**Q** 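Sharing a structure here in structure tokens format.
This chain uses plain numbering: 1 for the first residue, then up along the sequence. Hydrogens, waters and symmetry mates play no part in the numbers below; they use all other heavy atoms, side chains included. For clarity, every value in this text was computed on a predicted model and none was experimentally measured.
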Amino acid sequence: MRSRTRRRPDGKQPAMSMEHTTDGHTLLVSLPADLDVTGRAMAALRLQTLVLTYRPRLVRLSMPACRPTAASLSVLARLRRLCDGLGIFVALTTAPPAPASAAEGTAVR
């Protein structure tokens with residue numbers, strides 16, 4: 001399952017673009033590193049909704065390797081606090097998350 005934030009009624013893409021995918025019991029989410037205060041509120045609410053909807057065992061958050069803004073780090077802190085309370089593990093990556101099934105198929109035997 002892959003999802004992208006919806007366009008606004010005027011047809012423009014929202015400033016905050018966040019994608020998510022599920023892979024078994026893992027929720028894979030990509031978050032932009034350049035969030036502003038408005039984007040922070042939208043991202044935090046979206047992440048909370050995703051976690052409470054899917055109830056994964058692991059949330060893998062992918063952020064670009066560039067220096068994140070304070071708002072992006074705030075979203076990460078909120079996600080960690082939420083997941084700690086629910087007993088869900090959180091992993092932070094700097095590369096786009098690849099589904100585990102695709103990685104298994106390329107294993108050397």
**Q** Give me the atom names and distance for the closest heavy-atom approach of Leu31 to Ser72.
**A**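 Where Leu31 meets Ser72 most closely, the heavy atoms are CD2-O, 4.4 Å.
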**Q** For the residue pair His20 and Val29, what are the closest heavy atoms and their distance?
**A**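 It is CB-CG2, 4.1 Å.
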**Q** Measuring only between side-chain heavy atoms, which start at C-beta, is Leu35 closer than 4.5 Å to Met42?
**A**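 No - every pair of side-chain heavy atoms lies 4.5 Å or more apart.
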**Q** Using modelled atom types only, decide if a donor and an acceptor are shared between the side chain of Ser74 and the backbone of Ala70 within a distance under 3.5 Å.
**A**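 Checking the backbone N and O of Ala70 against the side chain of Ser74, no donor-acceptor pair under 3.5 Å is found.
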**Q** Rounded to the nearest 0.5 Å, how far apart are CZ of Arg57 and SG of Cys83?
**A**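 Reported value, rounded in 0.5 Å steps: 14.5 Å.
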**Q** Taking all heavy atoms of Pro68 and all of Leu73, pick out the closest pair and write down the distance.
**A**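 Taking every non-hydrogen atom into account, CG-CD2, 3.7 Å.
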**Q** With no hydrogens and no angle check, is any side-chain donor or acceptor of Ser30 less than 3.5 Å from a backbone partner on Ser62?
**A**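 No: the side chain of Ser30 does not pair with the backbone of Ser62.
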**Q** Do you know the tightest heavy-atom contact between Ala71 and Val37?
**A**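 In this case the closest contact between Ala71 and Val37 is CB-N, 4.4 Å.
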**Q** Would you say Val90 and Tyr54 are hydrophobically clustered, going by side-chain heavy atoms of ILVMFWY under 4.5 Å?
**A**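 Result: yes, single cluster for both.
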**Q** Hey, what do you get for CG (Leu76) to CZ (Arg81), rounding to the nearest 0.5 Å?
**A**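 Rounded to the nearest 0.5 Å, the CG-CZ separation comes out at 10.5 Å.
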**Q** Which value, rounded to the nearest 0.5 Å, describes the distance between Leu82 atom CG and Leu47 atom CG?
**A**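 The CG atom of Leu47 is 8.5 Å from CG of Leu82, to the nearest 0.5 Å.
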**Q** Can you name the nearest heavy-atom pair linking Val51 to Leu86, along with the distance?
**A**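 Scanning both residues completely, I find the closest heavy atoms to be CG1-CD1, 3.8 Å.
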**Q** Do you know the tightest heavy-atom contact between Leu92 and Met63?
**A**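 In this case the closest contact between Leu92 and Met63 is CD1-SD, 4.0 Å.
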**Q** To the nearest 0.5 angstrom, please state how far the CE atom of Met18 sits from the CG atom of Leu61.
**A**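 Reported value, rounded in 0.5 Å steps: 9.0 Å.
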**Q** Look up atom CZ in Arg78 and atom CG in Leu45, then write down how far apart they are to the nearest 0.5 Å.
**A**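 Reported value, rounded in 0.5 Å steps: 10.0 Å.
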**Q** Mind checking whether Leu52 and Leu58 sit in one hydrophobic cluster, side chains of I, L, V, M, F, W, Y counted as touching below 4.5 Å?
**A**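 The answer is no; the residues belong to distinct hydrophobic clusters.
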